[in-house]
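Lettering follows sequence order; numbering is per chain, from 1.
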Number of protein chains: 2
Amino acid sequence: MKEIKTELFFGDCTKELKKLPDNSIDLIVTSPPYADQRKSTYGGIHPNKYVNWFMPISKELLRVLKPTGTFILNIKEKVVDGERSTYVMELVLEMRKQGWFWTEEFIWHKKNSFPGKWSNRFRDSWERLLQFNKAKQFNMYQDAVKVPIGDWAKSRLKNLSTTDKKRDNAKNGSGFGKNVSNWLGKDTVYPTNVLHLATECNNKNHSAAFPEELPEWFINLFTTEYDTVLDPFAGSGTTLFVAKRMARNSVGIEIVPEYYDMIKEKLEIESQYILFEERADYGKNKLTKSNSIR
Amino acid sequence: MKEIKTELFFGDCTKELKKLPDNSIDLIVTSPPYADQRKSTYGGIHPNKYVNWFMPISKELLRVLKPTGTFILNIKEKVVDGERSTYVMELVLEMRKQGWFWTEEFIWHKKNSFPGKWSNRFRDSWERLLQFNKAKQFNMYQDAVKVPIGDWAKSRLKNLSTTDKKRDNAKNGSGFGKNVSNWLGKDTVYPTNVLHLATECNNKNHSAAFPEELPEWFINLFTTEYDTVLDPFAGSGTTLFVAKRMARNSVGIEIVPEYYDMIKEKLEIESQYILFEERADYGKNKLTKSNSIR
DNA sequence: GTTCCGCATGAATCGATAG
DNA sequence: ACTATCGATTCATGCGGAA
């Protein structure tokens, strides 16, 4: 019976990250305050200073991440004086100098984007999900996020086209012909690098940066049970709660007292709930869950 | 009765662009050869040299564009040694130094992306549509691209994966079903900065870089009738033919003789067709169409 | 006229092999 | 060591002919 741990730190993440050991994190999923956004809570970082502000943090993240781990950065540049600001692009270039590999850029297509109308632009309905890695070889569990195949398959895949057969028969016998059996029973396919998710708009107490499906998808893709997930800008704690539910250890850091308290309280409630109700396990093993709040 | 002109130049666009007068173009829509792609036809530009290769071209484009005009650049970085290449980001930064404003980045979500499976990444199903402007005030005709609500819902429903449907139904009342009823009253809505289009891969004679809907959408959005559209990498001529059909003047440049000849021939055929058949007008005015091929 | 099915192919990427 | 070529993998679309 293994134990799932959910740790929460209070304070500035540049400092708090130093408390974490090297190579201890399997996945980082976070949505840092965007430049000049959420001024009321984070004070707002000027677009020109954003890269300099983030570099010490990404340096620590690079240190704590396992060589097989992945860093998913949810970010989008804001409009400054009618132009898209370039700090995200500069950030990527600087992080590569720091030693990060920029493996991929996923697109989060927000199904219900923020309403509004402007004379010179349409509603912004997508955000960047930048994937960084410490090494070229990293853990990826693709089967965990397979999706149902498109409707076309039902009618089309019944009889495999002769071209497809020919195509692979021409190649030395190790191609499609061999795999026909895989295709006939096929009902799921691998996804692409575009994610379709709605923004979460149910909770009014906090500004949830992303819906639960978002960390859930990446946790499925890049970790297995008992791995450790980190969110250095925990905010409302979405990443932590999802990780916990999925039987992953997690570490969160939050600098805003109100958010910190909210997460803490919710964690404590959940712990008691588990004690009294003997909640069903997420995975196949019996689990006990504990929170360590500092 | 105004006349629509379709001009076609043969040669290297850096040189040919010099023949165009200052401030004469309302919209540039183009898809240059991506780094190291299309080697067989365009020779291929190494990722490291891409920015230097493009700078003289973008300088000329800045010159010929009207202050109220817009430049739409379709591009995507390829993977180099397991990482996304950074030349597109560097390109944006350099073009801003050149005087361009980077107004917006649209996403082209390709419904049918190239197949394949790799251990470290999923299929790439999106491309960038970078919007650059010469001035902060530019022409934009948003009403021209409003989406009919019925068609939108229809195509949207058709394309929704079963997961999406399930997910939406699972949400208590804020899901798809409820929203559909809200749309019934309205007839059109403004789109967002994400475009859903399939690539055209069925044409046997040539490979068009993008589907007709792509230039069509931007021509509607950024020009009116009798405006002038430029594509310095005409390729199969999609932009030119769409512009012509929409009663916009257009200028194309193409360096590959086979492509140039193909466009030329198609333009001539269309002209004759118009003479004999008295084709229905695109817009409300009577039009004659002429091609000037050099 | 619809619907259905056969068919070709697309700005891809990785790893192994060859010069 | 470094680059060039080749084989293997895989999903969705629209056209055109057939039912």
Residues that Glu83(B) engages under salt bridge (Lys or Arg N to Asp or Glu O under 4.0 Å), provided they are two or more places apart: Arg96(A)

Distance, rounded to the nearest Å, where Asp124(B) contributes CG and dC14(C) contributes P: 11 Å

Residue of the set Ile107(A), Leu214(A), Leu73(A) for which side chain to side chain contact (heavy atoms under 4.5 Å, CB included) holds with Leu129(A): Leu214(A)

Length of the CH2-C1' vector between Trp118(B) and dT13(C), whole Å: 5 Å

Residue whose nearest DNA chain D nucleotide is more 5′ - Asn112(B) or Lys117(B): Lys117(B)

First of Ser31(B) and Arg121(B) reached from the 5' end of DNA chain C, by closest nucleotide: Ser31(B)

Gap between atoms CG and P, on Leu197(B) and dT13(D) respectively (whole Å): 12 Å

Nearest-nucleotide comparison on DNA chain C, the residue closer to the 5′ end among Asp81(B) and Trp108(B): Trp108(B)

Nearest-neighbour nucleotide for the Ile149(A) side chain, dT13(D), dA12(D), dT13(C) considered: dA12(D)

For Glu254(B), salt bridge (Lys or Arg N to Asp or Glu O under 4.0 Å) partners two or more places apart: none

Non-neighbouring partners of Phe222(A) that pass ring pair (Phe, Tyr, Trp, His ring centres under 6.0 Å), sequence neighbours left out: none

For atom NE2 of His46(B) and atom C1' of dA4(D), their distance in whole Å: 12 Å

Protein-nucleotide distance (Lys49(B), atom NZ; dT3(D), atom P), rounded to Å: 11 Å

Sugar-phosphate only, base, or nothing, as touched by Pro32(B) at under 4.0 Å among non-hydrogen atoms: base

Distance in angstrom units between Glu83(B) CD and dT13(C) P, rounded: 13 Å

DNA chain C base-pair string [pairs: Watson-Crick or G-U under 3.5 Å; |: paired with another strand]: .|||||||||.||||||||

Residue Lys78(B), side-chain atoms from C-beta onward, closest of dT13(C), dA12(D), dT13(D): dT13(C)

Sugar-phosphate, base or nothing in reach of Arg128(B), heavy atoms under 4.0 Å: nothing

Qualifying residues under side chain to side chain contact (heavy atoms under 4.5 Å, CB included), relative to Val189(A), sequence neighbours excluded: Val147(A), Ile149(A), Lys186(A)

Any donor-acceptor pair under 3.5 Å from Trp102(B) side chain to Leu130(B) backbone: no

Between P of dC14(C) and CZ of Phe101(A), the distance in whole Å: 13 Å

Rounded interatomic separation in angstrom, taking CZ from Phe114(B) and P from dT13(D): 15 Å

Options dA12(D), dC14(C), dG10(C), nucleotide nearest the side-chain atoms of Asn120(B): dC14(C)

Test ring pair (Phe, Tyr, Trp, His ring centres under 6.0 Å) applied to Trp118(B) - qualifying residues, sequence neighbours left out: none

Strand-adjacent residues in residues 135-144 of chain A, judged by heavy atoms under 4.0 Å from DNA chain D: none

Among dA12(D), dA12(C), dC14(C), the one nearest Val79(B) by side-chain distance: dC14(C)

Set of side chain to side chain contact (heavy atoms under 4.5 Å, CB included) partners for Asp81(B), sequence neighbours left out: Lys136(A)

Heavy atoms of other groups near Gln98(A) CD, more than 12 under 6.0 Å: yes

Contacts of Phe54(B) that satisfy ring pair (Phe, Tyr, Trp, His ring centres under 6.0 Å) - sequence neighbours left out: none

